[in-house]
Amino acid sequence: MALSIHTITYPVHDLEAAKAFYTTLLGTQPYADSPYYVGFRPEGSTEVGLDPHGHAQGMTGPVTYFTVPDINEALAALVAAGAKEQQAVKDVGGGNLIARVQDADGNITGLFQAA
């Protein structure tokens, strides 16, 4: 199965400052701009997201979310391979699902399943 990177999400403390930085860096305005998530879709690139609640949810740095066809199956397989569930499967709107796991070195990886 070929995986693709869906989103790289950064935990941020100051959403407005982060939004200004990434708007300048990416050269585009956010397509989603809410108090709980700001998302950018730069042309020809992976989505970049800003999560002002990420630190409180255990994000210690940027998290890469990989698109998977079945999030529950992928999560179970990764846990069986030694990962620790860091965030259970969660609907983030429109039936889109995310989850996060932590590898043996403490790195956090995200899973994304489209509706």
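In what follows, every heavy atom counts, from backbone to side chain, and hydrogens, waters and symmetry copies are set aside.
Under the 4.5 Å side-chain heavy-atom criterion for Ile, Leu, Val, Met, Phe, Trp and Tyr, L15 and Y36 are members of distinct hydrophobic clusters. Each of F112 and V79 belongs to its own hydrophobic cluster when Ile, Leu, Val, Met, Phe, Trp and Tyr are linked at side-chain heavy-atom distances under 4.5 angstrom. Hydrophobic clustering of Ile, Leu, Val, Met, Phe, Trp and Tyr side chains at less than 4.5 Å, counting indirect connections, keeps V12 apart from M59. V68 and V92 fall into different hydrophobic clusters, where Ile, Leu, Val, Met, Phe, Trp and Tyr are joined by side-chain heavy atoms under 4.5 Å apart, directly or via other members.
Shortest non-hydrogen contact noted between G49 and T7 is N-CG2, 4.0 Å. The minimum heavy-atom distance linking P11 with T9 is given by the pair CD-O, 3.9 Å. Contact record, A83 with V101: CB-CB, 4.0 Å, taken as the closest heavy-atom pair.
Distance alone, capped at 3.5 Å, is enough to place a donor-acceptor pair between the D103 side chain and the D105 backbone. Between the Q86 side chain and the Q57 main chain, a donor and an acceptor come within less than 3.5 Å of each other. Although no hydrogens or angles enter the test, the distance criterion places a donor-acceptor pair under 3.5 Å between the side chain of N96 and the main chain of A115.
Judged as a side-chain contact (heavy atoms from CB on, under 4.5 Å), and not counting sequence neighbours, the contacts of A32 are Y37.
To the nearest 0.5 Å, the span separating NE2 on H55 from OG1 on T60 amounts to 9.0 Å. To the nearest 0.5 Å, atoms CZ (R100) and CD (E85) are separated by 10.5 Å. Here K19 contributes atom NZ and Q29 contributes atom CD; the two are 9.0 Å apart, rounded to the nearest 0.5 Å. Summarising the geometry, atom CD belonging to Q113 is positioned 11.5 Å from atom NE2 belonging to H6; distances are rounded to the nearest 0.5 Å. Note: Q87 CD to L75 CG = 10.0 Å, rounded to the nearest 0.5 Å. Rounding to the nearest 0.5 Å gives a distance of 8.0 Å between OG1 of T23 and CG of D33.
Between V63 and the options I108, T109, I98, a side-chain contact (heavy atoms from CB on, under 4.5 Å) holds for only I108.
Looking only at side-chain heavy atoms (C-beta outward), L111 and L78 come within less than 4.5 Å of each other. Taking the side chain as every heavy atom from C-beta outward, E43 and T28 never approach each other to under 4.5 Å.
Ring geometry, Y10 versus Y22: the interplanar angle falls from 30° to 60°, so the pair is classed tilted.
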Taking it one step at a time, do Y65 and E47 satisfy side-chain hydrogen bond (donor to acceptor under 3.5 Å, both in side chains)? CA-CA 10 Å; Y65 285 85; E47 180 172 325; over 6 Å; no

